[in-house]
There are 2 protein chains.
Amino acid sequence: MSALAIKTPKGQQTRSNILETALGLFQERGYDQTTMRAIAAEAGVSLGNAYYYFASKEVLIQGFYERTHHEHLAACAPILETETDLQRRLLGVMRAKLETIEPYHRFAGVLFKTAADPSSPLNPFSDESRPVREEATNVFARVVEGSSAKISKRLGPELPHLLWTYHMGIILFWIHDTSPGRTNTVRLVEQTVALVARLIAMARLPMMRPLIGRALRLVSDLRASEGAGA
Amino acid sequence: MSALAIKTPKGQQTRSNILETALGLFQERGYDQTTMRAIAAEAGVSLGNAYYYFASKEVLIQGFYERTHHEHLAACAPILETETDLQRRLLGVMRAKLETIEPYHRFAGVLFKTAADPSSPLNPFSDESRPVREEATNVFARVVEGSSAKISKRLGPELPHLLWTYHMGIILFWIHDTSPGRTNTVRLVEQTVALVARLIAMARLPMMRPLIGRALRLVSDLRASEGAGA
DNA sequence: GTCTATAACCGGATAGAC
DNA sequence: GTCTATCCGGTTATAGAC
């Protein structure tokens, strides 16, 4: 259904040609204003041929995910290698994320629109996007592991997933953020990263035990039962 | 642009006829499987006539919102009138919500897909949906006011909005919940309502002051600057 | 001015020939 | 693997009828 195997080098060539053309046009004039006919024409292939490689206009978006994810990884590397303070590590990673996706904000609406559809393979909770999701979660695992912070034993294993969820919430906000340069989201990140760091520290207090225990049991239960959120 | 004034009784009649037909077909065969031509045919009017009353297929969804909102209000009334425990009030309201929207789960994905688009007037953060949003927030204000719980002075004014945001998060989870009868979401609500109640109580502790203060300042700043989330 | 109908247009998607 | 021809459904233009 989805990824048909492209055999020949020529096929590879045509495929990536179409993809690059599409991403360029999306960024230039937006998703809705870019027709499949325009993509095909600009790429120098027929409409039917474009559909041979990409089952729908939507799946072209997957290329966007892959591209920005790799850009984000690159942008994160310096902080993850040098910084040891947990709060600053998280802040660096989140800032890098916002900077990476900023050029695409104008068609972010469409992204979230498709991402919100539970039946779409593009939605971040779907089976199909598990690899991407796990790679992204892994970034947050590295944020925690590479830091000097002491983490509550029970919180530790869940923390990367919790941070990934937090990061999705920020992106949701970012999508709806109309402030110039998305400064509201930047402020939100700065403030909430501080809160998150504070909460992580507080989680070690004995008086927090019952609350934390309950919350963590819930979270891990939900992840175990799969198919719905987180 | 949007709401054209329908003057004659005959016009009113035709309009509501189309709307009821549409909602029926949506529930029966789903949103995507229901064409505007089918709606028009079933309602006994021409395609052009349907578009005279409803500018697009999407705006027919507004009827769904209004309908479920009123059903929810009705379903909440008993709890809001009798119960005084904050946690149980909130739980009752949230359960009522889930029960109200359950029949529509099969096409909820599409509904919220369009609702998620920042440029759509249907999205819950838009200016156009402010009235609905405020009405919904008001339900949570009543949850708090009618309870016997003591609320931190500074938390009080923000609490209804925070609860509304919480409720939106639950709905997002619900959309992606594939467990039979959405039992996962019900469990999530039961657990998180308990956590929320606990957090509200904790917010009065002196040691929480700086954390709470910081969080609340952030939240009210963001709402003041409008245009992005919450 | 209020309402209704017919005939396009446009763009995503598919069928099938080469 | 690539094309042309076509379908299909949301949307619009426009011509009239009450």
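Throughout, protein chains are lettered first and strands after them, A, B, ... in sequence-line order, and every chain is numbered starting at 1. Just so it is clear, the model here is predicted, and its values are computed rather than measured.
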### Task
Let me know the distance between CD1 of Ile39(A) and P of dA13(C), rounded to the nearest Å.
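It works out to 10 Å between those atoms.
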### Query
When the distance from CD of Gln33(A) to P of dG11(C) is rounded to whole Å, what number comes out?
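Nearest whole value for this atom pair: 9 Å.
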### Message
How would you summarise protein contacts on nucleotides 2-18 of chain D per nucleotide, using B for base, S for sugar-phosphate only and - for none, with heavy-atom distances below 4.0 Å?
### Response
BBB----BBBB------
### Task
Measure the acute angle between the ring planes of Phe125(A) and Trp164(A), then classify it against the limits of 30° and 60° as parallel, tilted or perpendicular.
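Correct class here is perpendicular.
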### Message
Do Lys113(A) and Phe107(A) form a cation-pi contact, if we require the NZ or CZ to be under 6.0 Å from the six-membered ring centre and within 45 degrees of the ring's axis?
### Response
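Judged by the rule (NZ or CZ under 6.0 Å from the ring centre, within 45° of its axis), Lys113(A) is not positioned above Phe107(A).
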### Within-4.5 Å side-chain heavy-atom neighbours: Asn123(A) and Asp117(A)
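The answer is no; the side chains never approach within 4.5 Å.
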### Task
Not counting sequence neighbours, which residues clear salt bridge (Lys or Arg N to Asp or Glu O under 4.0 Å) with Glu158(B)? List them please.
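Scan of Glu158(B) (salt bridge (Lys or Arg N to Asp or Glu O under 4.0 Å), adjacent residues dropped) gives Arg223(B).
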### Message
Quick one about Thr192(B) and Tyr166(B) (side-chain donor to acceptor, distance below 3.5 Å, no hydrogens or angles considered), yes or no?
### Response
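There is such a pair between these side chains.
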